[in-house]
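The basis for the numbers below is simple: all heavy atoms, side chains too, and nothing from hydrogens, waters or symmetry mates. Letters go in sequence order (proteins before strands), and every chain restarts at 1.
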Amino acid sequence: MDLTNEQLLDMYVTMNKIRTFENRVAELFADGKIPGFVHLYVGEEAVATGVCASLTDQDYITSTHRGHGHLIAKGGDIKLMMAELFGKKTGYCKGKGGSMHIADLNLGIMGANGIVGGGPPLASGAALACQYLGNDGVAVCFFGDGASNQGTTHEAMNLATCWKLPVVFVNENNMYGISSCTLNSMCVPNIADRAAAYDMPGVVVDGNDVIAVCEAAAEGISRARQGKGPSLIECKTYRHRGHFEGDPCAYREDSELEEWKEKDPIPRLEQKLMEIELLTDAKINEIKSGLQKDMADAEQFAEESPFPDVSELTEDVYT
Amino acid sequence: MDLTNEQLLDMYVTMNKIRTFENRVAELFADGKIPGFVHLYVGEEAVATGVCASLTDQDYITSTHRGHGHLIAKGGDIKLMMAELFGKKTGYCKGKGGSMHIADLNLGIMGANGIVGGGPPLASGAALACQYLGNDGVAVCFFGDGASNQGTTHEAMNLATCWKLPVVFVNENNMYGISSCTLNSMCVPNIADRAAAYDMPGVVVDGNDVIAVCEAAAEGISRARQGKGPSLIECKTYRHRGHFEGDPCAYREDSELEEWKEKDPIPRLEQKLMEIELLTDAKINEIKSGLQKDMADAEQFAEESPFPDVSELTEDVYT
Amino acid sequence: MPNMNFAQALNDAHKVEMERDANIYVAGEDVGVYGGIFGVTAGLLDQFGDKRVKDTPITESAIVGTAVGAATAGLRPVIELMFVDFIGVALDQLYNQAAKMKYMFGGKAKIPMVLRMTCGAGIGAAAQHSQCLEAMFMHLPGLKVVMPSTPNDAKGLLIEAIRDDNPVVFLEHKMLYALEGEVAEGDFTIPFGQADIKREGQDVTIVATANMVHTALSAAEKLAADGISAEVVDPRTLYPLDEEGIIQSVKKTHRLVIVHEEVKFAGSGAEIAAIVAEKAFDYLDAPILRVAAPFCPVPFSQPLEQAFIPSEEEIIDAVKKVME
Amino acid sequence: MPNMNFAQALNDAHKVEMERDANIYVAGEDVGVYGGIFGVTAGLLDQFGDKRVKDTPITESAIVGTAVGAATAGLRPVIELMFVDFIGVALDQLYNQAAKMKYMFGGKAKIPMVLRMTCGAGIGAAAQHSQCLEAMFMHLPGLKVVMPSTPNDAKGLLIEAIRDDNPVVFLEHKMLYALEGEVAEGDFTIPFGQADIKREGQDVTIVATANMVHTALSAAEKLAADGISAEVVDPRTLYPLDEEGIIQSVKKTHRLVIVHEEVKFAGSGAEIAAIVAEKAFDYLDAPILRVAAPFCPVPFSQPLEQAFIPSEEEIIDAVKKVME
Ligand SMILES: Cc1ncc(C[n+]2csc(CCOP(=O)(O)OP(=O)(O)O)c2C)c(N)n1
Ligand SMILES: Cc1ncc(C[n+]2csc(CCOP(=O)(O)OP(=O)(O)O)c2C)c(N)n1
Ligand SMILES: [Mg+2]
Ligand SMILES: [Mg+2]
């Protein structure tokens, strides 16, 4: 797969955008500006970025509790996201959803999801709609290593193969489901090995190498678009932060985290792009300060927006 | 595996006992003596018989909606079964359960089950109790091809491998879940192929060859007893009758049924035992007329037993 | 108006709607070749083909969840889940996803889907195939809950359900499938939230649902012979519930007996009683009584099952008690 | 009596019981190394080892179903399912298996298991992590349903639950975990089905559960200042429900306000209202009012979430209304 310079730069920007957003959210959470449960994507940016690079607004994704990265990579507006995290009326969900329920159906984002394993059946459903309507769309289901043990995931994959649905299941194997290490929660070394149970292709990629992710995803997505059915891509990655903000992480070794920080997807792409002179120090600074500015704007927008009015409490339950 | 003459004869008798019971139940259902849903095991007798040959009363089984064969093979009393099917007070469940809910915990029979996929988690639980109590027991989970697509089955298998539980998952692949053919409900040729998704052994056996079933099951059971964890055995078989009594079977070809009747497990064993002169025509007659007599006794017992009293309606909900 | 049974009326509703709107698909276990375990989807596969009439593997979470996803992405699924008892393996996709998505997304989703399920005792199907669980669905904001009692209501309410842009739980009592009645031809709807007075009366209001409407009607006949005039009100939809209709009837009769086949404790009748005890308290001349199933699973044995199901006699007794 | 918070009291109950009975095991997601998301199982892994304290994969049907099987085969599982909202992926194993097995088997099974779940709004956890669903469990014969409001009740009721030979659903409101109070030392139990009068009063009965007990108590304080004497009754267990205790209180005060955080429609309060409207109708001097959450999912945004949760003012208003 030959990625253009523009594509490579786009991915670099997207990964940084996610990182910048997440780091700022961590601070805002610590400052008490953002309530509830917040699950950050720091360290896993290459997955959403590499996958969404091959998707259009016609395509669907289902996300998870750890959804900010997916949303940003699929084109989500960080202003509306930040306002939602603050619980403001101007947020993506008018403040009703919060971090775990942000959606943008115009962009095909079928929502973050607070239920582990909630997304796979929804993704198969979106794929069914694409197939039924014959509109060339595909659906991508992001799900965690923990979610792969849920019955719903099994059911959705089986149904997707039976109906040859245009869906790609993208597993984000960050080795943990809260404190539960994959070594204790499953006996197979690779989640991709489970694809064989449905007779769909299953591949393992380095989830911290955005180019590798992008190539594997492009193949799965084009396969789906051509009507050849679903596939499973397992991206091996790691989360740098706790499961949610506030997690003391007593269940894992610092050294493990350090090892994975060495494999941080952002410096890796950065180095590669500097080698081929797509990036320079100046360009990097420009990108990063641009993102900082966007982030500050988003934060200001969120900060200055009003909370929803109590009269809105029971609106939006039914059409 | 060397089966003794006694074991071979026992299996022959058990299969005939199941067949006789089921055929009589079909008649009684047609006569309106037995109400509700009745799912018969005719044609599949070799599976329950071959598996249960290696189990003791300390071992557990979980059964399905198609449970009569499992119950008889595990030592269930046909008098109490028949009385239950009639809804009589003397039945296994005092008439409260009926065909889909017969249990005998003294024999380790954890119940037929009206929920497809309801059994696998229960079997893992029974196996956990055996492991925890260190009592050398194992659990066997019978489940259908249809049930293998349920999320609960996936979850139970995964948990069983994680905890190395002494459980054997015995799939009865009779090619249909009501009208739904495995060709449409899954894309893998063998359900046993799914064992790899949990890193447990998975084998396919001819489910109409009781000796083959017995050998495969003995291996899985002994593996479980030795603390080596779960395994999956897929038994390819076929049901001669409809999904439930009253099913017109419009979804399958008569010729398919005829082909499978050629592979009927009972004549197959009968012939083998006649060849090695374990069975003679006289012996066969003796066995069959004995079973007919037992069946008549069971029926008479059921017929003559009283219905439960209405005062018992709300008893047995809580201890 | 042609005569047809409840199952045929439902079948007809499917056809009317599927002919009208190409984005409606039907899915579920055995809905295609088999035509549905109770025959409701018979003939649909032949008429509409397997793109629109989809047999599924046994995998209820995926069936429901796929419908939710498909509905969100532009289709209008009509799902048969067979027995309502099976909702336990698929509830999350219904109540945490379908019911809440619109709200969680700040109003931006539309999830037009119907989940049809059969409920109720009476055929010896025992504890896992005979439940009534309408109270559970009523309590879940985001869902609408429909429970018809006649062939005509079944058809008009199902068409309304299919056209509704919200997830609708459609409960069909299995003892009603063979019930015959006149059914309006072609395209017609019955609006949600309008109770139907199945029998007018002056002395006591009997609110009854599904199969119990008929038991209540025959009890009312017998009561009439004793000089008691009972009004039988069928809510038809439990959410939205026609509070006003029920309250109006109670304001007229001053007495209320509620009948349902669900277990009494925390059942749908509790909500109706609570509403009346709040909003029509001053009009009540007697305690509110509920006639409903006792607190146990549904037994298999026929004499027990018959004792489990609320009877005409129990209704008559309750009415006589509130008339004292 | 030592002072401890609600979470510590629950932790203590686990320890007391696990020391007493070697057949008790604890399982759930993150109950081991993590000590439970809300800290309830902290230290158990160290004390009892991984045979008895089992971290599980994310696989709720298997967690619950395994417990049912293990309980039937002689163990006494105490399961933490984290958020009650997750019951949708595991309900079948609870309601069709655990709750019904004894009955379906003609009384021959014993399923001693406890299913602990956290419920309730207040921490911005939004629609899928903040529900109260007690009415759903109350309606399912075979289950017992416990909902404590104080650290001492939590401990005594959890020990009772663990010793009970039936499946028990144990609901812990997440806003209570940090609540401090005196807790009896060592081994003690609180019997199920005994409501506790948390405050005596003469003019009106307020039945409240879980966190709402405390809101009701502070409302009662304010009402006292206005000369209204409110009795606050905490049922503590919703099944078995202390009907007699509630009725006695209503017979004394002649007025009833029911408070719960669940959605009002078809919530637990409906059953309490219906019971009183039947059995204490003649003692009632005013309509029965319910103060409960409105009919919507739990919103994320803090002002909305606070508006969702029933407040002291709403209780005061309701009481004043029934006092008119
Ligand atoms: C059905 C359900 N069970 C449990 C939880 C609690 N929970 C939230 S996130 C999480 C871990 C998920 O692990 P994984 O799928 O690997 O995703 P990750 O957090 O690693 O991105 C758990 C157990 C939940 N939200 N839903
Ligand atoms: C959860 C659930 N879904 C659907 C059903 C209805 N049902 C009963 S048996 C059956 C087919 C089961 O197929 P399989 O597992 O292959 O077993 P078989 O009947 O072939 O023995 C179905 C769909 C059910 N009882 N439970
Ligand atoms: Mg993970
Ligand atoms: Mg089958």
Side-chain angles (χ1 to χ4, degrees), chain C residues 61 85-97 99-100 103-104 126-128 131 133-142 238-239 241 256 258 262-282 284 286-290 294-297 299-300, chain D residues 61 85-97 99-100 103-104 126-128 131 133-142 238-239 241 256 258 262-282 284 286-290 294-297 299-300:
Chain C
S61 276
D85 315 70
F86 304 164
I87 196 64
V89 295
L91 185 65
D92 184 74
Q93 289 292 332
L94 181 68
Y95 88 132
N96 274 330
Q97 314 296 339
K100 296 187 173 60
Y103 189 82
M104 294 188 304
Q128 294 174 339
Q131 290 166 88
L133 294 169
E134 50 273 19
M136 182 184 286
F137 301 114
M138 288 167 70
H139 189 50
L140 302 170
L238 289 167
Y239 189 89
L241 180 68
L256 176 60
I258 302 159
E262 276 194 298
V263 156
K264 180 178 180 180
F265 194 76
S268 52
E271 180 58 35
I272 295 168
I275 288 170
V276 171
E278 174 182 347
K279 300 190 177 162
F281 179 76
D282 293 333
L284 279 173
I288 300 169
L289 295 190
R290 290 175 287 162
F295 202 62
C296 62
F300 165 70
Chain D
S61 277
D85 314 71
F86 305 164
I87 196 65
V89 294
L91 185 66
D92 184 75
Q93 289 292 332
L94 181 68
Y95 87 132
N96 274 329
Q97 315 295 338
K100 297 187 172 62
Y103 189 82
M104 294 188 304
Q128 294 174 339
Q131 290 165 89
L133 295 169
E134 50 273 20
M136 183 184 286
F137 301 114
M138 288 167 70
H139 189 49
L140 302 171
L238 289 166
Y239 189 87
L241 180 69
L256 176 61
I258 302 160
E262 275 195 300
V263 155
K264 180 177 178 180
F265 194 74
S268 52
E271 180 58 34
I272 295 169
I275 289 170
V276 171
E278 174 181 347
K279 300 189 177 163
F281 180 75
D282 293 333
L284 279 173
I288 300 169
L289 295 190
R290 289 175 288 163
F295 202 62
C296 62
F300 165 70

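Taking OH from C:Tyr239 and CZ from D:Phe295, the interatomic distance works out to 5.0 Å, rounded to the nearest 0.5 Å. Considering CD1 of D:Ile258 and CD of C:Glu278, their distance stands at 10.0 Å, rounded to 0.5 Å. Rounding to the nearest 0.5 angstrom, the gap separating the CZ atom in C:Phe281 from the CZ atom in D:Phe281 is 5.5 Å.
With a 4.5 angstrom heavy-atom cutoff, D:Ile275 touches chain C via backbone and side-chain atoms both. Both the backbone and the side chain of C:Ala127 come within less than 4.5 Å of a heavy atom of chain D. Proximity to chain D involves both the backbone and the side chain of C:Pro299, based on heavy atoms less than 4.5 angstrom apart. For C:Ala280, no part lies near chain D; criterion is any non-hydrogen pair under 4.5 Å. For C:Leu256, no part sits under 4.5 Å from any heavy atom of chain D, backbone or side chain. Only the side chain of C:Met104 comes within less than 4.5 Å of a heavy atom in chain D; its backbone stays farther off. With a threshold of 4.5 angstrom between heavy atoms, C:Leu140 approaches chain D through its backbone and through its side chain. Using a 4.5 Å cut-off between heavy atoms, C:Leu284 touches chain D through backbone and side chain atoms alike.
Note: C:Ile288 leads C:Ile288, C:Leu241, C:Val276 in heavy-atom pairs under 4.5 Å with chain D. Comparing D:Ala274, D:Ala273, D:Pro297 by heavy-atom pairs within less than 4.5 Å of chain C, the highest count is held by D:Pro297.
In this structure, D:Gln93 has no side-chain hydrogen bond (donor to acceptor under 3.5 Å, both in side chains) partners at least two apart in sequence or on a different chain.
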Using a 3.5 Å cut-off and no angle test, enumerate the donor-acceptor pairs between side-chain atoms of residues 263-270 of chain D and protein atoms at least two apart in sequence or in another chain.
| from | atom 1 | to | atom 2 | distance (Å) |
| --- | --- | --- | --- | --- |
| D:Ser268 | OG | D:Glu262 | OE1 | 3.0 |

Hey, mind stepping through D:Lys100 and C:Gln131 against side chain to side chain contact (heavy atoms under 4.5 Å, CB included) and telling me if it holds? CA-CA 12 Å; D:Lys100 297 187 172 62; C:Gln131 290 166 88; 3.0 Å; yes

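Not a single donor-acceptor pair under 3.5 Å links the side chain of D:Asp85 to the backbone N or O of C:Asn96. A donor-acceptor distance shorter than 3.5 angstrom exists from the side chain of C:Tyr95 to the backbone of D:Gly88, with no hydrogens or angles considered.
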